[in-house]
Amino acid sequence: MVKIAVFASGSGSNFQSIVESAEQKKIDASVDLLVCDKKDAYVLTRADKHCIPVFSFSAKDYSSKEMFEKEIVAELQRRDIELIVLAGYMRLVGPTLLREYEGRIINIHPSLLPAFPGLDAIGQAFTAQVKISGVTIHFVDEGMDTGPIIAQEPVRIEETDTKEDVQKKIQSVEHQLYPTTIQHVISQLQRSVN
Ligand code: GAR
């Protein structure tokens with residue numbers, strides 16, 4: 001079983017779907033840590049309900065990204081974490097984390113990358129009036145939503161859809177696609193070890 005850490009900054013609906021998939025043994029993983037950079041994020045309540053250990057921090061309490069990432073790495077190593085899953089972690093991963101977990105950090109983004117990278121991808125797609133957007137899961141590199149793509153799924157945007165409708169459709173795809181893709185990545189990791 002692969003030990004994973006989920007990084008999140010917000011509501012944590014993806015965190016919840018990953019935790020439930022692990023609890024129901026749909027993925028060969030245990031969620032052993034939540035890393036959260038927002039003291040009042042709802043994801044913290046979800047972690048508490050599922051008795052998942054939390055490392056929470058405020059970037060402003062540190063002099064640099066390197067300083068807080070060093071502490072995160074120490075916490076990950078203490079718990080033997082093998083895979084990092086970003087789920088609404090609204091921060092660029094820096095070299096300190098990337099070096100330690102090269103090829104073992106994945107991210108979910110609410111658009112069909114390379115379209116609409118960065119913040120508010122759903123709002124960007126909505127404003128651009130595209131008919132199809134979607135969800136991308138990719139390996140993380142030093143860029144903003146630029147790493148190699150692992151999985152994508154399209155979501156159709158109807159003329160009558162509000163931004164909230166699009167968000168709901170995208171999140172419901174995310175909650176299915178992320179656990180399935182995590183399992184795919186885990187199988188690859190396990191094959192490369194054996
Ligand atoms: C998700 O839609 C995820 O794709 C997005 O944040 C949301 C988090 O929702 N991530 C990004 O935009 C990353 N660039 P959640 O907190 O309910 O899981």
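Order of listing sets the numbers, starting from 1, for every ligand and every atom in it.
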Going by distance only, is there an N or O of Ala87 that falls short of 3.5 Å from an N or O of ligand 1? no
Protein heavy-atom partner closest to atom 5 (C) of ligand 1 - residue, atom, separation in Å: Pro110 CD, 3.8 Å
Any side-chain heavy-atom pair of Ile106 and Leu86 under 4.5 Å: no
Locate the shortest heavy-atom distance separating Thr136 from Leu113; write the atom from each residue and the value. OG1-N, 3.0 Å
Is it the case that Glu20 and Gln16 place a side-chain donor and acceptor less than 3.5 Å from each other? yes
Distance to 0.1 Å, residue and atom name: give those for the protein heavy atom nearest to atom 9 (O) of ligand 1. Gln171 NE2, 3.2 Å
Close approach, Met90 and ligand 1, non-hydrogen under 4.0 angstrom: yes
For atom 14 (N) of ligand 1, find the nearest protein heavy atom and state the residue, atom name and distance (0.1 Å precision). His109 ND1, 3.0 Å
Contact check: Asn107 vs ligand 1, nitrogen or oxygen atoms, below 3.5 angstrom: no
Can you report which non-hydrogen protein atom sits closest to atom 16 (O) of ligand 1, along with the distance? Gly12 N, 2.7 Å
Where ligand 1 meets Gly88 - atom numbers and elements under 4.0 angstrom, heavy-atom basis: 6 (O), 8 (C), 10 (N)
Does a donor on one side chain and an acceptor on the other come within less than 3.5 Å for Glu71 and Tyr62? yes
Which heavy atom of the protein is the closest neighbour of atom 10 (N) of ligand 1, given with residue, atom name and distance? Ile108 O, 3.6 Å
Any side-chain heavy-atom pair of Lys39 and Ser56 under 4.5 Å: yes
With side chains defined as the heavy atoms from C-beta onward, is the minimum distance between Ile150 and Val185 less than 4.5 Å? yes
Side chains of Gln77 and Glu100: donor-acceptor distance under 3.5 Å anywhere? yes
shortest atom 17 (O) of ligand 1-to-protein heavy-atom contact is with Ser13 OG, 2.6 Å
Can you name the atoms of ligand 1, numbered from 1 with element, that are less than 4.0 Å from a heavy atom of Glu174? 1 (C), 2 (O), 3 (C), 4 (O)
Does some side-chain heavy atom of Tyr89 sit less than 4.5 Å from a side-chain heavy atom of Val6? no
Under 4.0 Å, counting heavy atoms only: does Ala8 come that close to any atom of ligand 1? no
